[in-house]
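What follows is a single structure, written as structure tokens, with notes after it.
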Amino acid sequence: MSFRAAVFGLVRRIPRGRVATYGQIAALLGRPRAARAVGRALGSAPGDLPWHRVVNARGGVSPRARMSGMLTQRIRLAQEGVALRRGRVVLSAHAWRGRGTLATRGGLACDWR
DNA sequence: TGGATGACTTAAA
DNA sequence: ATTTAAGCCATCC
């Protein structure tokens, strides 16, 4: 399975009203330093993928070529109850804890602060 | 095969 | 709080 497919699979497990960071996704996939690649993968995500639930380490909507995407992301997040305070998601309140995400491989604790 | 490309991240200034 | 610089990486061409 390609890294990309794995990313999609994991993103689909993020519950409504919750968000994950690029780094978190990468870590959960066993590639703690592939955060950047995660973002790149989302660039070509299927239309039904809840890509809007992925934000950067600071809880903000990462800048991108087209502004429309950022707008959509903010709107979609708001629609499911994820509010942005000063332009950032309050991770302490909406961060996805991804428990049991990788029951198979051990020692993959998502390390975030 | 090799280099370019970002929806990243962290450390430092 | 902001900005810069430098790693890091799966894809794409």
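Worth knowing before you read on, the calculation uses all heavy atoms, side chains too, and leaves out hydrogens, waters and symmetry mates. In what follows, chains are A, B, ... by sequence order, proteins preceding strands, each numbered from 1.
- Atom pair A:Phe8:CZ and C:dT11:P shows a separation of 9 Å (rounding to whole Å applied).
- A straight line from CG of A:Leu71 to P of B:dA7 spans 16 Å, rounded to a whole angstrom.
- In terms of position along DNA chain C, the nucleotide closest to A:Arg88 lies nearer the 5' end than the nucleotide closest to the other residue of the pair A:Arg88 and A:Ala35.
- Considering only the side chain of A:Ala57, B:dT9 comes nearest among B:dA7, B:dT9, C:dT11.
- Residue-level contact check: A:Tyr22 touches the bases, meaning some heavy atom is under 4.0 Å from a base atom.
- As judged by a 4.0 angstrom heavy-atom cut-off over every strand, A:Arg58 is placed among residues making no nucleic acid contact.
- Taking atom CZ of A:Arg66 as the reference point, atom C1' of B:dG6 lies 13 Å away to the nearest angstrom.
- Base contact: A:Gly43 has a heavy atom under 4.0 Å from a base atom.
- In the hydrophobic clustering of ILVMFWY residues, with side-chain heavy atoms under 4.5 Å counting as a link, A:Met70 and A:Val11 come out apart.
- The CZ-P distance, from A:Arg74 to B:dA7, rounds to 15 Å in whole Å.
- If you measure from atom CH2 of A:Trp51 to atom P of B:dG6, you get 18 Å, rounded to the nearest angstrom.
- Taking atom CE of A:Met67 as the reference point, atom P of B:dA7 lies 14 Å away to the nearest angstrom.
- Taking atom CG of A:Leu29 as the reference point, atom C1' of C:dC9 lies 13 Å away to the nearest angstrom.
- Listed for the A:Gln24 side chain is no donor-acceptor partner under 3.5 Å among the backbone atoms of A:Ala95.
- Side-chain atoms of A:Arg36 and base atoms of C:dC8 include a donor and an acceptor less than 3.5 Å apart.
- Both A:Ser44 and A:Arg33 lie near DNA chain C, and the one whose nearest nucleotide falls closer to the 5' end is A:Arg33.
- Nearest nucleotide to the side chain of A:Ala37, out of B:dT9, C:dA10, B:dA7: C:dA10.
- Hydrophobic clustering, with ILVMFWY side chains joined whenever heavy atoms are under 4.5 angstrom apart, groups A:Ile14 together with A:Leu28.
- A:Arg40 comes within contact range of at least one nucleobase, with a heavy-atom separation under 4.0 Å.
- Rounding to whole angstrom units, CG of residue A:Asn56 and P of B:dT10 are separated by 10 Å.
- Residue A:Ala65 is classed as a sugar-phosphate contact, given heavy-atom separations below 4.0 Å to backbone atoms only.
- Residue A:Ser2 is classed as a sugar-phosphate contact, given heavy-atom separations below 4.0 Å to backbone atoms only.
- By the 6.0 Å contact criterion, CZ on A:Arg33 is open, its count of non-hydrogen atoms from other residues, nucleotides or ligands being 12 or less.
- For the pair A:Arg76 (side chain) and A:His52 (backbone), a donor-acceptor distance under 3.5 Å is absent.
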